[in-house]
Amino acid sequence: MSENKITLGKTLRDARIAKGFTLDDLQQTTKIQKRYLIAIEDQNFDELPGDFYVRAFIKQYADMVDLDGAELLKQFDSALPSTQTQEYVDKVNENNPETRSQQRKVDDRYVKLRRTIPVIGIVIVVLVVLVGIWVAAAHNGSNTKKDNVDSSSVSVSGSSNQSSSHSSSKSSSTSSKSSSKQKTASFKQLSSTTSGSTWEMKNAASKPKVALSASGSAWASVTVNGATSWQGMLSSSTSHTMTIPSSATSVTFKFGNAPATKVKVDGKTFNFASATATSDASNSSSDTTTTGTTSSSTTTSQVQTVTLEFK
């Protein structure tokens with residue numbers, strides 16, 4: 001194992017020197033801090049922010065010096081920390097496709113039922129009104145002479161149309177009031193540390209949609225209910241979109257290059273690196289940069305763990 005580690009670090013260092021790159025050049029290009037680059041070359045993986053970042057940083061380093069990052073990771077796999085922990089495996093088994101399929105069926109039935117109940121209520125009200133009119137008309141008809149039947153029928157018809165119009169107007173008014181009560185989604189910062197922060201999102205959709213993008217080369221991962229749902233590299237030409245299950249109460253993001261990473265939830269820009277304590281969701285058409293000023297010399301702006309709770 002020691003021979004493999006030395007070979008891996010030496011391979012990367014020799015490739016960098018052959019390309020004529022200094023550590024400062026790589027730091028500026030990959031946005032990986034210089035001390036992490038030195039740790040990779042010296043095989044001091046414990047100095048990286050976590051086992052999760054070791055493979056991502058090595059692949060990014062290798063790609064920048066024209067090495068095959070995936071092949072390099074495969075070749076020295078036994079010398080690298082594992083990201084497949086027992087907890088990760090347990091969570092994957094827990095959230096198997098059959099369980100997720102059953103959950104989706106339950107959610108669909110609930111949505112259909114919620115949409116059907118108001119319609120059934122309106123139909124019942126209309127039927128009750130029409131039955132009342134019919135009973136009243138029948139009672140009046142039995143006590144009226146035969147020559148007044150036609151005028152009575154016209155009266156009943158007019159009353160029926162008026163009742164239907166009133167019911168339709170009432171339904172439109174109820175729909176208008178319901179729309180006016182809909183609230184706009186908003187983000188609120190609950191706490192923050194040098195390595196990340198915790199936020200709260202109010203009025204989120206039942207199944208929030210998350211969109212990840214970046215202005216440059218950046219690594220990110222998304223964890224839902226304790227299980228990693230996605231991880232990978234982002235760039236100015238690539239992005240990733242995913243839907244959070246309705247059963248999730250929170251989602252955790254890990255960013256390897258936070259200043260270059262952008263996050264949108266339900267079309268709203270999530271300013272997770274905002275300097276203020278509270279940040280409302282911006283308009284969905286806004287392209288405001290999610291992060292603050294890029295700083296490659298501090299862990300606070302480079303590597304961050306951000307948790308978003310749904311309320």
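Note: hydrogens, waters and symmetry copies are ignored here, and every other heavy atom, side chains too, is used. The first residue of the sequence shown is numbered 1, and numbering continues consecutively from there. Bear in mind that the values here come from a model prediction, so they are computed numbers and not experimental data.
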State, with a plain yes or no, whether a side-chain heavy atom of Thr29 is found less than 4.5 Å away from one of Phe21.
-> no
Validation row: Val265, Lys209 side chains within 4.5 angstrom (heavy atoms) | no
Of Val251, Thr198, Thr223, which is the lone residue that meets side chain to side chain contact (heavy atoms under 4.5 Å, CB included) with Thr307?
-> Thr198
Verify, without hydrogens or angle tests, whether Gln43 (side chain) and Gly9 (backbone) share a donor-acceptor contact under 3.5 angstrom.
-> yes
Is a side-chain donor or acceptor of Glu200 paired with a backbone partner of Gln189 at a separation under 3.5 angstrom?
-> no
If you look at every heavy atom in Tyr53 and Phe255, which pair is closest and at what distance?
-> OH-O, 4.0 Å
Go through the side-chain N and O atoms of Gln60 and Ser217 and say whether any donor and acceptor fall under 3.5 Å apart.
-> yes
Would you mind reporting whether Met242 and Ser229 have side-chain heavy atoms less than 4.5 Å apart?
-> yes
What is the minimum heavy-atom distance between Leu73 and Lys59, and which atoms define it?
-> CD1-CB, 3.9 Å
Compare all side-chain heavy atoms of Tyr61 with those of Arg16 and state whether any distance is below 4.5 angstrom.
-> yes
Answer whether the closest heavy-atom distance between the side chains of Ile40 and Val54 falls below 4.5 Å.
-> no
Residue pair Thr249 / Lys311, side-chain heavy-atom distance below 4.5 Å = no
Does Glu41 pair with Arg13 as a salt bridge, N-O distance under 4.0 Å?
-> yes
Search all heavy atoms of Asp63 against all heavy atoms of Asp68 and return the closest pair with its distance.
-> OD1-C, 4.4 Å
Exam field: side chain Thr238 to backbone Leu234, donor-acceptor pair closer than 3.5 Å | no
Ile32 side chain near Phe57 side chain, heavy-atom distance below 4.5 Å = yes
